[in-house]
Amino acid sequence: MAYWLMKSEPAEESIDDLAAAPRQTLPWTGVRNYQARNFMRDQFAVGDGVLFYHSSCPEPGIAGLAEVVSTAHPDETQFDKKSKYHDAAATRAEPRWFGVDVKLVRKTKLLPLAALRAEPKLATMRILQRGNRLSITPVTPAEWKTVLAMLSAA
DNA sequence: GCCAACGTTGGC
DNA sequence: GCCAACGTTGGC
């Protein structure tokens, strides 16, 4: 079982949107970075743990826990001409972008980015490294454990 | 709005 | 294949 951090802009899709979705499950769409796509396509497995992270917002940080409930399938938005994620080079026969379905485990009290940065045990966490822009990053079991402890202490 | 960092594009 | 220019991300 692996762990991941997935960034979402709450203005687009927040933890509350996930909570309000049917079966509290949503397909993860809009990833247009090959490295992030490859994580989902090649490494994600059903049951993997997800830290749901809010980015580009007044209070960036971890907003909840989720789990992966499907393997990767084509991201429908690439075929939608009206979507800002439309990709003219993608076809049904040869999709370029993939996503998994993600289900809410629980919304948490927001764990702010500043608190993550202040925790020495998370010093090497991928999301906290200078210049990191990847929207999907692996989380080590030790980091996962530390974050869960911080959430239950809050 | 600024800016650091990194990815992508396209001319050669 | 190189690399400069440009675009995007995302915290502040």
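Side chains are part of it too, since the values below use all heavy atoms of this structure and drop only hydrogens, waters and symmetry mates. So that the names make sense, note that chain A is the first sequence line, chain B the second, and so on, each numbered from 1.
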Please tabulate, one pair per line, all N/O donor-acceptor pairs under 3.5 Å involving side-chain atoms of residues 13-20 of chain A, not counting sequence neighbours.
| unit_1 | atom_1 | unit_2 | atom_2 | d |
| --- | --- | --- | --- | --- |
| Ser14(A) | OG | Asp16(A) | N | 3.2 |
| Ser14(A) | OG | Asp17(A) | N | 3.2 |
| Ser14(A) | OG | Asp17(A) | OD2 | 3.4 |
| Asp16(A) | OD1 | Lys107(A) | NZ | 2.8 |
| Asp17(A) | OD2 | Ser14(A) | N | 2.9 |

Item to complete: Any side-chain hydrogen bond (donor to acceptor under 3.5 Å, both in side chains) involving residues 46-64 of chain A? Give me the pairs, sequence neighbours left out, ordered by first then second residue.
Response: Trp4(A)-Asp48(A)
Show the distances under 3.5 angstrom between N or O atoms of the protein and N or O atoms of nucleotides 8-11 of chain C.
| unit_1 | atom_1 | unit_2 | atom_2 | d |
| --- | --- | --- | --- | --- |
| dT8(C) | O2 | Arg133(A) | NH1 | 2.4 |
| dG10(C) | OP1 | Lys7(A) | NZ | 2.6 |
| dG10(C) | OP1 | Arg133(A) | O | 3.0 |
| dG11(C) | OP1 | Tyr53(A) | OH | 2.9 |
| dG11(C) | OP2 | Ser56(A) | N | 2.9 |

Ignoring hydrogens and angles, write down the donor-acceptor pairs under 3.5 Å from the side chains of residues 116-126 of chain A, residues two or more places apart or on other chains.
| unit_1 | atom_1 | unit_2 | atom_2 | d |
| --- | --- | --- | --- | --- |
| Arg117(A) | NH1 | Leu128(A) | O | 3.1 |
| Glu119(A) | OE2 | Lys121(A) | N | 2.9 |

Table please: side-chain donor-acceptor pairs of residues 69-76 of chain A below 3.5 Å, with sequence neighbours left out.
| unit_1 | atom_1 | unit_2 | atom_2 | d |
| --- | --- | --- | --- | --- |
| Ser70(A) | OG | Asp101(A) | N | 2.8 |
| His73(A) | NE2 | Asp101(A) | OD1 | 2.8 |
| Asp75(A) | OD1 | Thr77(A) | N | 2.9 |
| Asp75(A) | OD1 | Thr77(A) | OG1 | 2.6 |
| Asp75(A) | OD2 | Gly30(A) | N | 2.8 |
| Asp75(A) | OD2 | Arg32(A) | NH1 | 3.0 |
| Asp75(A) | OD2 | Thr77(A) | OG1 | 3.3 |
| Glu76(A) | OE1 | Arg92(A) | NH1 | 3.2 |
| Glu76(A) | OE1 | Arg92(A) | NH2 | 3.2 |
| Glu76(A) | OE2 | Arg92(A) | NH1 | 3.3 |

Fill in: Residues forming a side chain to side chain donor-acceptor pair (under 3.5 Å) with Asn38(A), sequence neighbours excluded
Arg41(A)
Practice prompt. Write down the distance between CD (Gln35(A)) and P (dC6(B)), rounded to a whole number of angstrom.
Written response: 11 Å
Worksheet item: Whole-Å distance between dG7(B) C1' and Ile136(A) CD1?
Response: 16 Å
